[in-house]
Amino acid sequence: MPKMIVSIDGVVIKEVQLTKDRTSLGRRPYNDIVIDNLAVSGEHAVLQMSGNEVYLEDLNSTNGTYVNGKAVKKLLLQNSDTVEIGKYKIKYVNEAAGPSFEKTMIIKAGSAGLVAPPAGAPPAAPAGDMGGNMNAAIKVMSGAAAGREVALVKVVTTIGKPGVAVAAITKRPQGFVVAHVEGAGKPTLNGAPIGAEPVILKDGDMLELAGTQMQFVQH
């Protein structure tokens, strides 16, 4: 279970297990994590838990919220990240996260319906009828998961960061297509922005999504 370890000047003053979907942090006594210091706003930040992932969101605090020395508005926390508020350091510990596919990224399959095939499109052929050129993967080229390949075995595979940029790669009889699904940050294909209209992928195409570079590879 994820937890926050609060310390000041290297001395741990409290540990808080994150058990609720929403955990508030601030100076006021009604917060779940109370830090009684003038540098801390009454309602400073909130921790939102989704499954095994924890997002930190700054609530427009006066002095800001920092993670690993950088000011943040909203961030998906990684195991061992250090949240800094005033002189307080709050270490995020989530050992159950495991070596998932770069925790800032999501890749989930089977979300059929995110990208609907155009009207009148032929039904997807069984895998055996697709020929030998339908084995494909996304290879991560940058970030902590560089070199990792994720096979595109489902009809729809979504990639990206929720709330930032999410794209969907859809398997069709004629090949694979990619389209932008959600988020303000538009993914790019070989440097050109991708819209909601599906674009056909070719072997070696470079995708960039939420700051992570990926390559589409067909075997």
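Excluded from the calculations below are hydrogen atoms, water molecules and symmetry mates; all remaining heavy atoms, backbone and side chain alike, are included.
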Inset, instruction - May I ask you to decide if Leu152's main-chain N or O and Thr157's side chain share a donor-acceptor pair within less than 3.5 Å? - result: no
Could you list the donor-acceptor pairs under 3.5 angstrom formed by side chains in residues 198-206, with sequence neighbours left out?
unit_1 : atom_1 : unit_2 : atom_2 : d
Asp203 : OD1    : Gln218 : N      : 2.9
Asp205 : OD1    : Asn190 : ND2    : 3.1
Asp205 : OD2    : Lys202 : N      : 2.8

Legend entry - Side chain to side chain, Leu209 and Met214, heavy atoms closer than 4.5 Å: yes
Inset, instruction - Would you check, one step at a time, whether the test side-chain contact (heavy atoms from CB on, under 4.5 Å) holds for Asn37 with Tyr88? - result: CA-CA 9 Å; Asn37 185 285; Tyr88 289 81; 3.6 Å; yes
Inset, instruction - Say whether, by atom type as modelled, one donor and one acceptor occur between the side chain of Lys14 and the main chain of Val34 under 3.5 angstrom. - result: yes
Inset, instruction - Measure from the side-chain N and O atoms of Asn94 to the backbone N and O of Glu53, and report whether any donor-acceptor pair falls under 3.5 Å. - result: no
Inset, instruction - Scan residues 190-200 for pairs that pass salt bridge (charged side-chain N to carboxylate O under 4.0 Å, His left out), counting only residues two or more places apart or in two chains. - result: none
Legend entry - From CE (Met1) to CE (Met49), nearest 0.5 Å: 7.0 Å
Legend entry - Residue pair Glu149 / Ile138, side-chain heavy-atom distance below 4.5 Å: no
Inset, instruction - Applying side-chain contact (heavy atoms from CB on, under 4.5 Å) between Leu47 and each of Asp21, Val83, Val16, Leu56, report the one that passes. - result: Leu56
Legend entry - Residues that Glu15 engages under side-chain hydrogen bond (donor to acceptor under 3.5 Å, both in side chains), provided they are two or more places apart: Lys3
Inset, instruction - State whether the side chain of Asn31 and the backbone N or O of Ile33 hold a donor-acceptor pair below 3.5 Å, judged by distance alone. - result: no
Inset, instruction - Decide yes or no for Val178 and Thr170: does some side-chain heavy atom of the first lie under 4.5 Å from some side-chain heavy atom of the second? - result: no
Inset, instruction - For Thr158 and Ala168, indicate whether the former's side chain and the latter's backbone hold a donor-acceptor pair under 3.5 Å. - result: no
Inset, instruction - Linking directly or through intermediates, with side-chain heavy atoms under 4.5 Å: list the remaining ILVMFWY members grouped with Val46, chain and number order. - result: Leu59
Inset, instruction - Could you pull out all residues at least two apart from Glu43 that satisfy side-chain hydrogen bond (donor to acceptor under 3.5 Å, both in side chains)? - result: Tyr30
Using a 3.5 Å cut-off and no angle test, enumerate the donor-acceptor pairs between side-chain atoms of residues 64-77 and protein atoms at least two apart in sequence or in another chain.
unit_1 : atom_1 : unit_2 : atom_2 : d
Thr65  : OG1    : His44  : NE2    : 3.2
Thr65  : OG1    : Asp58  : OD1    : 2.5
Asn68  : OD1    : Thr82  : N      : 2.9
Asn68  : ND2    : Asp81  : OD1    : 2.9
Lys73  : NZ     : Asp58  : OD2    : 3.4
Lys73  : NZ     : Asn60  : OD1    : 3.2

Inset, instruction - Enter the distance from Lys139:NZ to Gln215:CD here, rounded to the nearest 0.5 Å. - result: 7.0 Å
Legend entry - Option from Leu189, Thr188, Thr212 for which side-chain contact (heavy atoms from CB on, under 4.5 Å) with Leu207 holds: Leu189
Legend entry - Non-hydrogen side-chain atoms of Ile159 and Val150 separated by less than 4.5 Å: no
Legend entry - Nonpolar side-chain network containing Val217, other nodes, edges under 4.5 Å: none
Inset, instruction - Before giving the answer on side-chain contact (heavy atoms from CB on, under 4.5 Å), spell out for Ile13 and Ile8 the whole-Å C-alpha distance, their side-chain angles and the decisive distance to 0.1 Å. - result: CA-CA 7 Å; Ile13 55 174; Ile8 184 166; 4.2 Å; yes
Inset, instruction - Verify, without hydrogens or angle tests, whether Arg27 (side chain) and Val40 (backbone) share a donor-acceptor contact under 3.5 angstrom. - result: yes
Legend entry - Partners meeting ring-ring contact (aromatic ring centres under 6.0 Å, His included) with Tyr92 (sequence neighbours left out): none
Inset, instruction - Name all pairs fulfilling the salt bridge (charged side-chain N to carboxylate O under 4.0 Å, His left out) condition that reach into residues 31-41, sequence neighbours left out, sorted by first residue then second. - result: Lys20-Asp32
Legend entry - Under the side chain to side chain contact (heavy atoms under 4.5 Å, CB included) test, residues paired with Ala151 that sit two or more places apart: Val153
Inset, instruction - Check whether any side-chain heavy atom of Lys91 lies under 4.5 Å from a side-chain heavy atom of Ser80, and answer yes or no. - result: yes
Inset, instruction - Find out whether Met4 and Leu18 are in side-chain contact, i.e. whether some heavy atom of one side chain is under 4.5 Å from a heavy atom of the other. - result: yes
Inset, instruction - Search all heavy atoms of Ala39 against all heavy atoms of Gly86 and return the closest pair with its distance. - result: CB-CA, 3.9 Å
Inset, instruction - State the NZ-CZ distance between Lys171 and Phe176, to the nearest 0.5 angstrom. - result: 5.0 Å
Inset, instruction - Under 4.5 Å between side-chain heavy atoms, chaining through other members, with only Ile, Leu, Val, Met, Phe, Trp and Tyr counted: pull out the rest of the cluster around Val93, sorted by chain and number. - result: Ile5, Val12
